Amino acid sequence: AQSVTQPDIHITVSEGASLELRCNYSYGATPYLFWYVQSPGQGLQLLLKYFSGDTLVQGIKGFEAEFKRSQSSFNLRKPSVHWSDAAEYFCAVGADSNYQLIWGAGTKLIIKP
Amino acid sequence: DTGVSQDPRHKITKRGQNVTFRCDPISEHNRLYWYRQTLGQGPEFLTYFQNEAQLEKSRLLSDRFSAERPKGSFSTLEIQRTEQGDSAMYLCASTLEGGGGSTDTQYFGPGTRLTVL
C-alpha cells in the first residue's frame with residue numbers, strides 16, 4: 001500500500017537560514033509526488049510536483065525538491081527562508097493520474113526572527 | 001478570483017444532527033474531490049467525481065456520509081446523525097483531467113470546519 005512519511009512534526013529555523021523538509025514514500029511504481037503548503041485559514045496550495053523527467057523540480061516561492069528513487073525520498077528545500085514561509089507543509093503521493101492522493105502528516109515550519 | 005469555494009466555512013452542530021456542506025469547484029474543472037483533515041494529520045481522501053459520476057466512494061467513512069454532484073458542477077457532502085468523532089476540517093479540491101497545461105494539480109478550497117458538540 002502507498003504511504004507517505006514526514007518524520008519531522010515541527011522544524012524551527014532562523015529567518016534567512018536554509019531549509020530542508022523530509023518526505024519518504026512507499027510505492028511500487030514511479031509515483032506522482034507533490035508538496036503543498038497550508039497556512040492558517042488558507043486552503044492547501046501546491047508548491048511543486050514531480051511526475052517524470054528531471055529529478056530536481058522547481059516550484060513557487062523559491063522552493064525546490066529532489067526526487068531520489070533509490071532513497072524513496074522527495075525532500076523539499078529552500079536556500080533562505082522568510083518569515084512568511086511559516087506554515088504547515090504536506091508531502092503527497094499519487095498514482096493513476098492524480099486520483100486519490102495519499103498524504104503525509106505534515107511538518108509545521110516555525111521561523112525564528 | 002475563481003478558485004474553489006466552500007460553504008459554510010464553519011459549522012457547529014449537536015450530535016445526532018445532519019449537516020451538509022457545499023463545494024463550488026473551478027468552473028472548467030471536471031474532477032472534484034472530498035477530503036477530511038483532522039488536527040495534526042494530512043488530508044484523508046473520501047470520494048471523488050468525474051463530472052457527475054461518483055467514481056470512488058469506498059473511502060467514505062461510514063454509510064452516514066454521502067456526496068452528490070448532480071449537474072457536474074457544485075457538489076455537496078452530507079453527514080447524517082453526526083458524532084463527535086466527525087469533528088474535522090472537510091476539504092474540497094478540483095482538477096481538470098484530460099486537458100493540457102497545468103492539469104493533474106488539485107486546487108483546494110479553504111475547507112469547512114465542523115464541530116460536533
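Numbers restart at 1 for each chain; the letters A, B, ... are given by sequence-line order, proteins then strands. In what follows, every heavy atom counts, from backbone to side chain, and hydrogens, waters and symmetry copies are set aside. Predicted, not measured: the structure shown is a model, and the values here were computed from it.
When heavy atoms are compared at a cutoff of 4.5 Å, Leu46(B) does not approach chain A at all. With a threshold of 4.5 angstrom between heavy atoms, Leu46(A) approaches chain B through side-chain atoms but not through N, CA, C or O. Using a 4.5 Å cut-off between heavy atoms, Arg113(B) does not touch chain A at all. Residue Gln6(A) does not touch chain B at all, counting heavy-atom pairs closer than 4.5 Å.
For Leu39(B), the CG atom sits in a loose shell: 12 or fewer heavy atoms of surrounding residues, nucleotides or ligands are nearer than 6.0 Å. Residue Gln58(A) qualifies as enclosed at atom CD: its count of foreign heavy atoms under 6.0 Å is above 12. Other residues, nucleotides and ligands place more than 12 heavy atoms under 6.0 Å from the CD1 atom of Ile110(A). Counting non-hydrogen atoms of neighbouring residues, nucleotides and ligands closer than 6.0 angstrom, the CD1 atom of Ile9(A) reaches no more than 12 such neighbours. The number of heavy atoms from other shown groups lying within 6.0 Å of NZ (Lys11(B)) does not exceed 12. Around atom CZ of Arg77(A), more than 12 heavy atoms belonging to other residues, nucleotides or ligands sit under 6.0 Å away.
The nearest pair of heavy atoms linking Leu44(A) to Phe108(B) is O-CB, 3.6 Å. Residue Phe45(B) comes nearest to Leu101(A) through the heavy atom pair CB-O, 4.3 Å, listed as atom of the first residue, atom of the second, then distance.
Taking OG1 of Thr105(B) as the reference point, atom CZ of Phe51(A) lies at 6.0 Å (rounded to 0.5 Å). How far CH2 of Trp103(A) is from CD of Gln37(B): 8.0 Å, rounded to the nearest 0.5 Å.
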